[in-house]
Amino acid sequence: MASTAPRPADGPAAGPAPDGAAAPPGRRRPRIGIGGMSIESSTFCPHRTTYDDFRITRGAELLNRYTWTASDGDLAERVEWVPLVHAVSLPGGPVERGTYDRIKEELIERLRRAGPLDGLVYDIHGAMSVVGLEDAEGDLTDAVREAIGPDALISAAMDLHGNVSRRFAERLDLITAHRLAPHEDAWETRERAARKLVERLASGRGRPHLAWVHIPVLLPGERTSTRLEPAKSLYGRLAAVEAMDGVVDAAIWVGYAWADEPRCRAAVVVTGDDPVLAVEQARSLAREYWEVRRDFAFVGPTGGADECVAEAVASSARPFLISDSGDNPTAGGAGDLAYMLGRLLANEDLAAGRATALHPGITDPAAVAECFAAGPGATVRLSVGGEISRGTADHAAPCELTGEVVALRRDDPVGGDLAAVRRGGVTVILVSRRKPFHTLADFGELDPRGYDLVVVKIGYLEPELYALAADWRLALTPGGVDQDLLRLGHRRLVRPLYPFDDEGFEVPHLEPMLL
């Protein structure tokens, strides 16, 4: 836990500068580090995340990641920003221990070499799983706190699908999370964490109180979107709570549903100088979350794969989008399952070309290489999918595909080499590296607006796809991020926990703890 002992006389607590003003002459600016490690990891996914999966930024490149660090920005004369190291990866399977240790060691070494820091903007996700660890963010934050010392303030910016264990939270001084799902406020959240840290250091008030409480509910993000009630109103309360005199921040976490770890569950933290008010508001938010737990619904109409395909083919809405939600790589899926491709090819109208479908994003570097070797216009016979997941389950079996190579693209920044193959009315885009398709630009020359159906490995639709869809369905497909949590086989969650337990579930004790 961070100390509330007075800071040295030459530190920022020696006399606050007015908000927005530069530090007075003779008084040094607070030194604030920036760093972290960000990924969400499904423990049900056979993929393993390696060092090469992370984008590592340091120095000026790290400062350029944010707008509020700009040399001509309003914080420039108030803060000395100290870039450390930041690592971010596309969601996937658990991080290999050697990779985690390597990034952790660099972050800790840079913290120690940075000299005395007054604070740290801790840019993380919150749902990282590491092979051999039970609470990865707890372990990382223990090391960060030891390196930075007890008096520096750590301000964490998180995804609302992260997990907030007590071990993790009690090492922090400020903590906030996204308030929108989809995360259209992700960069706003990071800026909020930074600005509140600057304000806190300028005020000299030291560490606020954190009122923390777990809620025994664990739901997937596709059932807790802030586009819909009850999440819309629940998250809509946070700004009003934050505005209360004596409150610094208020945040709600849904938790991460696809990791089998004791810390996985919903949480509320209200940060404030008034401990009574912080506890009162955290209790109110937690109780409301519990009371509406059964009201959370999927963000769109759902169905099995065949049902969704049949509805899409029969509809006049074009383009009709379908989410292959169980293999969504941006939630932690492997991205290599050809299950949905098989269901498309099994539809008579699509197989015959009476309707058209575009299905991007199956990871299969060997199949992509075969397409490049054959060249555009060639007919290829491929065994598609299962590059990562083969042999793990029936739904991971490859799909036999004979079709024409209709497009090739080298060196996509994310997906590597891409190849499109058409059979009947179905066009599938194969990628050599895991790649999400969230924007029109991701599709390259294959414009999704020209197809009757577009089947994307995603959960809820990101903004451009949401605007594109004339209608859509959330297909409840199998995979490492299966929306049907009960069939995944969690064994290590703390029970009772909704929806795994429901009937006879006693009203939980939702009394926040001051950290």
Review point. Sequence neighbours excluded, which residues qualify as side chain to side chain contact (heavy atoms under 4.5 Å, CB included) partners of Ala193?
Key: Ser155, Ala157, Thr176
**Study point:** side-chain hydrogen bond (donor to acceptor under 3.5 Å, both in side chains) evaluation trace for Ser325 with Glu222
**Key:** CA-CA 9 Å; Ser325 65; Glu222 283 69 22; over 6 Å; no
**Study point:** Salt bridge Asp260-Arg491, side-chain N to carboxylate O under 4.0 Å
**Key:** no
Check your understanding: Does a side-chain heavy-atom distance below 4.5 Å link Val431 with Asp412?
Key -> no
Point to revise | Pairs involving residues 413-423, ordered by first then second residue, that meet side-chain hydrogen bond (donor to acceptor under 3.5 Å, both in side chains) (sequence neighbours left out) | key: Arg410-Asp417, Arg422-Thr427
Check your understanding: Can you check ring pair (Phe, Tyr, Trp, His ring centres under 6.0 Å) on His490 and Phe44, steps first, answer last?
Key -> CA-CA 9 Å; His490 293 78; Phe44 299 99; 4.7 Å; yes
Review point. Can you tell me how far the CZ atom of Arg179 sits from the CG atom of Asp185, to the nearest 0.5 Å?
Key: 8.0 Å
Check your understanding: Rounded to the nearest 0.5 Å, what separation is found between the CG atom of Leu358 and the CZ atom of Phe437?
Key -> 8.5 Å
Check your understanding: Rounded to the nearest 0.5 Å, what separation is found between the SG atom of Cys399 and the CG atom of Leu337?
Key -> 12.0 Å
Review point. What class does the angle between the rings of Tyr66 and Trp187 fall in, given that below 30° is parallel, 30 to 60° is tilted and above 60° is perpendicular?
Key: perpendicular
**Study point:** His395: ring-ring contact (aromatic ring centres under 6.0 Å, His included) partners, not counting sequence neighbours
**Key:** none
Exercise for review: Would you please name every residue forming a side chain to side chain donor-acceptor pair (under 3.5 Å) with Thr57, sequence neighbours left out?
Suggested key: none
Check your understanding: Which residue pairs satisfy the side-chain hydrogen bond (donor to acceptor under 3.5 Å, both in side chains) criterion with at least one member in residues 296-322, sequence neighbours excluded?
Key -> Asp306-Arg343, Glu311-Arg473, Arg318-Asp452
Check your understanding: With sequence neighbours excluded, what pairs up with Asp336 under the salt bridge (charged side-chain N to carboxylate O under 4.0 Å, His left out) test?
Key -> none
Point to revise | Gap separating the OH atom of Tyr466 from the CD1 atom of Ile458, nearest 0.5 angstrom | key: 13.0 Å
Check your understanding: Quick one: is the NZ or CZ of Arg102 closer than 6.0 Å to the six-membered ring centre of Tyr51, and within 45° of its axis?
Key -> yes
Check your understanding: Measuring from Arg55:CZ to Leu90:CG, what's the distance to the nearest 0.5 Å?
Key -> 13.5 Å
Exercise for review: Any chance you could lay out the salt bridge (charged side-chain N to carboxylate O under 4.0 Å, His left out) test for Glu106 and Arg110, step after step, and finish with the verdict?
Suggested key: CA-CA 6 Å; Glu106 180 178 352; Arg110 287 179 177 272; 2.8 Å; yes
Practice item. Enter the distance from Arg492:CZ to Thr43:OG1 here, rounded to the nearest 0.5 Å. Key: 9.0 Å
Practice item. Start with the C-alpha gap between Thr379 and Glu404, add the side-chain angles, then the distance that decides, and say whether side-chain hydrogen bond (donor to acceptor under 3.5 Å, both in side chains) holds. Key: CA-CA 4 Å; Thr379 297; Glu404 178 189 356; over 6 Å; no
Practice item. Start with the C-alpha gap between Trp472 and Val299, add the side-chain angles, then the distance that decides, and say whether side-chain contact (heavy atoms from CB on, under 4.5 Å) holds. Key: CA-CA 11 Å; Trp472 80 291; Val299 70; 3.7 Å; yes
Review point. Considering the options Leu140, Val130, Val85, Val144, which one meets the side chain to side chain contact (heavy atoms under 4.5 Å, CB included) requirement together with Lys104?
Key: Leu140
Practice item. Mark yes when over 12 heavy atoms from residues, nucleotides or ligands other than Arg113 sit less than 6.0 Å from its CZ; otherwise mark no. Key: yes
Review point. Arg487 side chain to Asp482 main-chain N or O, any donor-acceptor pair under 3.5 Å?
Key: no
